[in-house]
Amino acid sequence: MNYYYRLGLFLLMIVCGWSSLVEARVQITTIPYNHGEVALEGVVAWDDAIKGKRPGILVVHEWWGLNEYVRERAEQLAALGYVAVAVDMYGKGKVTTHPDDARQWMQQITANVEMWQARGREGLGLLQANPLVDQTRLAAIGYCFGGATVMQMVYDGAPVKGVVSFHGSLPLPSASLSNKNSVKILIAHGEADPFLSQDHITKFKRALGEAGFDWHMVVFGGAQHGFTNPSANQYGMEGVQYQEQANRRSWGYMKLFFDEIFR
């Protein structure tokens, strides 16, 4: 090995080593926990290059379960400087690509609203227990079924600054509900989503207004259900399709929303 080759290799090692030092170090690991007798397994992601406490974001999966897509979202949030916990709403190992399985698991949760809300609280408890999280700056985001779940957390009075629902089913609050903790709500909705009627959306917006919530809805033209998930087209469901532009823009709206509620 000649001198110049060894020198070049040495310099390359220095450059690579320096690059690894300045890059964000996002860590991700699983968290086993329980809700009653149901064994669950969540995921936590954080950047260990950041010192001190930071805002915490709960992430709630689509009706497919806590799959790789949700893990990636948690990692993206960690790269933005948050601690992200992806909650498990179904049970350890319950992940599918089959709509019939997903529908059955989701309906088992949504059929009992009190249990639905309690399971969301259990996941939020993981975020609250994390020593890196600033307990005064919490939020939650959810996709599809997860979007409905974060709305149920709002109705349950979860101690969060705000929630973001991406192509969620938008459940209605009870008529007697009022906003007791000044939570803010961002809804990212696809204009071509066939699973929500315009009548339901109108009732949803009216109910939020009557309850005194601070809410904002962004509607993306031509976007169908599941527009944030690059794998959406692979599920073979009519009305479920990824749209890169709506995905990118809705994520940008979320970041602005977090900048506002955490400032």
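Only this structure's heavy atoms are used, side chains among them; waters, hydrogens and symmetry mates stay out.
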Next on the checklist: For residues 208-230, which residue pairs pass the ring-ring contact (aromatic ring centres under 6.0 Å, His included) check, not counting sequence neighbours?
Outcome noted: H167-H225, H167-F227, F195-H225, F220-F227
Checklist entry - With a 4.0 Å cut-off, would you call D47 and R25 a salt bridge? => result no
Item to check | Value rounded to 0.5 Å, distance of OG1 in T228 from CZ in R248 | outcome: 14.0 Å
Checklist entry - Does atom CD of E244 have more than 12 heavy-atom neighbours from other groups under 6.0 Å away? => result yes
Next on the checklist: If we check ring-ring contact (aromatic ring centres under 6.0 Å, His included) with Y143, which of these qualifies: W251, F166, W63?
Outcome noted: F166
Next on the checklist: I'd like to check V133 versus R54 (side-chain heavy atoms, cut-off strictly below 4.5 Å). Are they in contact?
Outcome noted: no
Item to check | side chain to side chain donor-acceptor pair (under 3.5 Å) involving Q76 - partner list, sequence neighbours excluded | outcome: R73
Next on the checklist: What I want to find out is whether K203 reaches D199 closely enough, with some N-O distance under 4.0 Å, to be called a salt bridge.
Outcome noted: yes
Next on the checklist: Could you check whether H61 and Y90 have their ring centres less than 6.0 Å apart?
Outcome noted: yes
Checklist entry - Rounded to the nearest 0.5 Å, how far does OG1 of T149 lie from CD1 of I141? => result 12.5 Å
Checklist entry - Does a side-chain heavy-atom distance below 4.5 Å link K161 with K184? => result no
Checklist outcome for this item: Those residues at least two apart in sequence (or on a different chain) that pass salt bridge (Lys or Arg N to Asp or Glu O under 4.0 Å) with R103 are D100
Item to check | Check ion pair R71-E68 (N to O, under 4.0 angstrom) | outcome: yes
Next on the checklist: Can you confirm whether L66 sits close enough to V43 that some side-chain heavy atom of one is under 4.5 Å from a side-chain heavy atom of the other?
Outcome noted: yes
Item to check | Gap between atom CG of D156 and atom CG of L124 - 0.5 Å precision | outcome: 10.0 Å
Checklist entry - Does a sphere of radius 6.0 Å around NZ in K94 hold more than 12 heavy atoms from other residues, nucleotides or ligands, not counting ones at 6.0 Å or beyond? => result yes
